[in-house]
Amino acid sequence: QVQLVESGGGSVQAGGSLRLSCAASGRTSSSYAMGWFRQAPGKEREFVAQISWTGGITRYTDSAKGRFTISRDTAKKMVYLQMNSLKPEDTAVYYCAARRDMGLGVKYDYWGQGTQVTVSS
């Protein structure tokens, strides 16, 4: 089992920045690709960004490209999502997730509890 705990959410005005962090614990000796997802009120959860085990490959949803950056510190078991130029439509609960695979993909096996991000206009 892998436990994931997100932090760094909060309220910010449009155009501002936030950095989300995700701390992994538990059975982290295996190689995991990591991802960030979000869920806005009344909407389904959607993919935001993912990063491979080595950190060498990343992928973003179109709305995040150029504004968000996913990174990881494998030694510290941390994953980050730097969010710049935030927009009100970025308001959502953001979830960290891990998949039992080194590469990118759509199936994720472990999820955090989420952290709220609210962007006001």
Side-chain angles (χ1 to χ4, degrees):
Q1 284 287 349
V2 174
Q3 292 78 46
L4 303 171
V5 178
E6 304 94 336
S7 61
S11 297
V12 65
Q13 289 192 329
S17 298
L18 283 174
R19 188 194 194 205
L20 305 184
S21 299
C22 174
S25 62
R27 196 172 183 177
T28 56
S29 58
S30 299
S31 304
Y32 295 93
M34 302 292 293
W36 286 96
F37 293 75
R38 66 186 180 188
Q39 187 168 19
K43 295 186 177 181
E44 294 186 352
R45 186 167 58 193
E46 64 174 359
F47 164 78
V48 177
Q50 59 180 300
I51 187 166
S52 63
W53 167 249
T54 63
I57 303 173
T58 58
R59 187 167 69 90
Y60 299 88
T61 190
D62 286 346
S63 63
K65 290 178 182 177
R67 299 189 301 128
F68 294 3
T69 302
I70 188 171
S71 61
R72 70 186 300 165
D73 185 332
T74 303
K76 294 183 178 179
K77 302 178 183 179
M78 296 291 296
V79 179
Y80 308 98
L81 185 67
Q82 177 67 43
M83 305 187 294
N84 299 327
S85 302
L86 283 162
K87 305 175 181 180
E89 51 263 44
D90 294 318
T91 296
V93 177
Y94 282 71
Y95 297 91
C96 175
R99 54 184 264 106
R100 289 191 297 258
D101 193 283
M102 296 175 64
L104 306 185
V106 299
K107 181 180 181 296
Y108 279 77
D109 303 289
Y110 304 104
W111 295 85
Q113 294 298 308
T115 185
Q116 176 70 47
V117 171
T118 302
V119 184
S120 58
S121 57

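Since the structure is predicted, the reported quantities are computational estimates derived from the model, not experimental observations.
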List the steps, then state whether side chain to side chain contact (heavy atoms under 4.5 Å, CB included) holds for Val79 with Leu4.
CA-CA 10 Å; Val79 179; Leu4 303 171; over 6 Å; no
Can you establish whether the number of heavy atoms outside Glu89 located under 6.0 Å from its atom CD is more than 12?
yes
Kindly say whether Ile57 contributes a backbone atom to a donor-acceptor pair with the side chain of Ser52 at under 3.5 angstrom?
yes
Less than 4.0 angstrom from a charged side-chain N to a carboxylate O is my criterion; do Lys87 and Asp90 meet it?
no
Would a single hydrophobic cluster contain both Trp53 and Trp111, if residues Ile, Leu, Val, Met, Phe, Trp and Tyr are joined by side-chain heavy-atom contacts under 4.5 Å?
no
If you look only at pairs with a residue in residues 42-56, which of them pass as a salt bridge (Lys or Arg N to Asp or Glu O under 4.0 Å), with sequence neighbours excluded?
Arg38-Glu46
Do any N or O atoms from the side chain of Gln50 and from the backbone of Leu104 form a donor-acceptor pair under 3.5 angstrom?
no
Kindly indicate, with the supporting measurements, whether the criterion side chain to side chain contact (heavy atoms under 4.5 Å, CB included) is fulfilled by Thr69 and Tyr80.
CA-CA 8 Å; Thr69 302; Tyr80 308 98; over 6 Å; no
Report whether Met83 and Val12 are members of the same hydrophobic cluster (ILVMFWY, side-chain heavy atoms less than 4.5 Å apart, transitive linking).
yes
Testing Tyr108, Tyr94, Tyr95 one by one against Phe37 for a ring-ring contact (aromatic ring centres under 6.0 Å, His included), which residue passes?
Tyr108
So CG of Leu18 and CD of Gln82: to nearest 0.5 Å the spacing works out to 8.5 Å
Axial cation check for Tyr60 ring with Arg67, 6.0 Å and 45° limits:
no
Value for OG (Ser120) from CD (Gln13), rounded to nearest 0.5 Å, stands at 5.0 Å
Could you give all pairs that pass the salt bridge (Lys or Arg N to Asp or Glu O under 4.0 Å) test and reach residues 106-121, with sequence neighbours left out?
Arg100-Asp109, Lys107-Asp109
Examine distances only and state if a side-chain atom of Glu6 and a backbone atom of Gln113 form a donor-acceptor pair shorter than 3.5 Å.
yes
Search all heavy atoms of Phe68 against all heavy atoms of Val48 and return the closest pair with its distance.
CD2-CG1, 3.7 Å
Of Thr61, Leu81, Ile51, the residue whose pairing with Trp36 passes side chain to side chain contact (heavy atoms under 4.5 Å, CB included)
Leu81
